[in-house]
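The structure under discussion appears below in the form of structure tokens.
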Amino acid sequence: MMKTLALSAIGFYQRHLSPYKGFCCAYCAYTGNASCSAFGARAIRRYGVWDGMAVLGGRLRKCGVAYRRYRPPPAPPMRPLLVRPGQAGDCVPCDCSVDLPSPGDACNACDTVSDCVDAKDCWDWWKDRRKQREEEELIYIPPQSDWRDRR
């Protein structure tokens with residue numbers, strides 16, 4: 001029952017949604033192997049729903065790595081017209097005095113805000129992203145195949 005439902009969902013995606021995307025997955029485009037949806041359907045048929053989904057999860061991770069590794073470089077961002085050349089855009093650590101009536105209340109409000117906001121987590125996402133990139137460098141993606149040249 002679950003196997004039929006999963007295979008039907010993949011079949012619906014392949015027949016009705018994927019043709020309108022206009023491209024195949026990054027892993028398929030780079031290596032020339034089967035697309036992730038075809039691979040997922042084959043894995044579910046062969047191993048069952050739960051084990052097939054585990055195998056498909058590993059393939060989707062490789063597909064994401066292939067996309068991030070081999071995508072074309074992004075276009076350089078345009079410089080906004082309203083920004084002055086020397087403006088860095090840095091935030092002031094405590095700019096609470098705008099809406100408060102007296103300077104004494106502003107300091108209390110800033111202390112309250114700093115007690116509530118945990119500033120140590122602000123750059124943890126950067127460390128996590130760097131760690132993820134280091135792990136992705138170790139993932140093996142097979143080289144491009146020349147099956148398209150043989151046709």
Could you grab the distance from atom [atom1] of [X] to atom [atom2] of [Y], nearest 0.5 Å is fine?
X    : Y    : atom1 : atom2 : answer
L7   : Q14  : CG    : CD    : 9.5 Å
F39  : C25  : CZ    : SG    : 10.5 Å
I10  : L17  : CD1   : CG    : 12.5 Å
R133 : D128 : CZ    : CG    : 12.0 Å
S37  : R15  : OG    : CZ    : 11.0 Å
R42  : Y47  : CZ    : OH    : 9.0 Å

Which atom pair, heavy atoms only, marks the closest approach of S35 to C28?
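Shortest heavy-atom separation between S35 and C28 comes out as CA-CB, 3.8 Å.
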What are the two closest heavy atoms between I139 and R61, and how far apart are they?
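So the two residues come closest at CD1-NE, 3.2 Å.
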Are F12 and S18 close enough that some pair of their side-chain heavy atoms sits under 4.5 Å apart?
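No, every pair of side-chain atoms sits at 4.5 Å or beyond.
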Using side-chain heavy atoms (C-beta onward) and a distance below 4.5 Å, is E134 in contact with R129?
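Heavy-atom side-chain distance check fails, nothing below 4.5 Å.
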Is there a path of hydrophobic side-chain contacts, each under 4.5 Å between heavy atoms of I/L/V/M/F/W/Y residues, joining [Y] to [X]?
X   : Y   : answer
L56 : Y27 : no
M2  : I44 : yes
L60 : W50 : yes

Hey, are Y13 and K21 close enough side-chain-wise for a donor-acceptor pair under 3.5 Å?
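Checked: K21/Y13 side chains pair up, N/O donor to acceptor below 3.5 Å.
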Would R68 and Q132 count as a side chain to side chain contact (heavy atoms under 4.5 Å, CB included) here? Give the steps.
CA-CA 12 Å; R68 286 185 289 279; Q132 180 184 9; 4.2 Å; yes
Can you tell whether the side chains of R69 and E136 come within less than 4.0 Å, N to carboxylate O?
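The answer is no: the pair does not qualify as a salt bridge.
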Crowding at OH, Y67 (>12 non-hydrogen neighbours, <6.0 Å)
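12 or below, so no.
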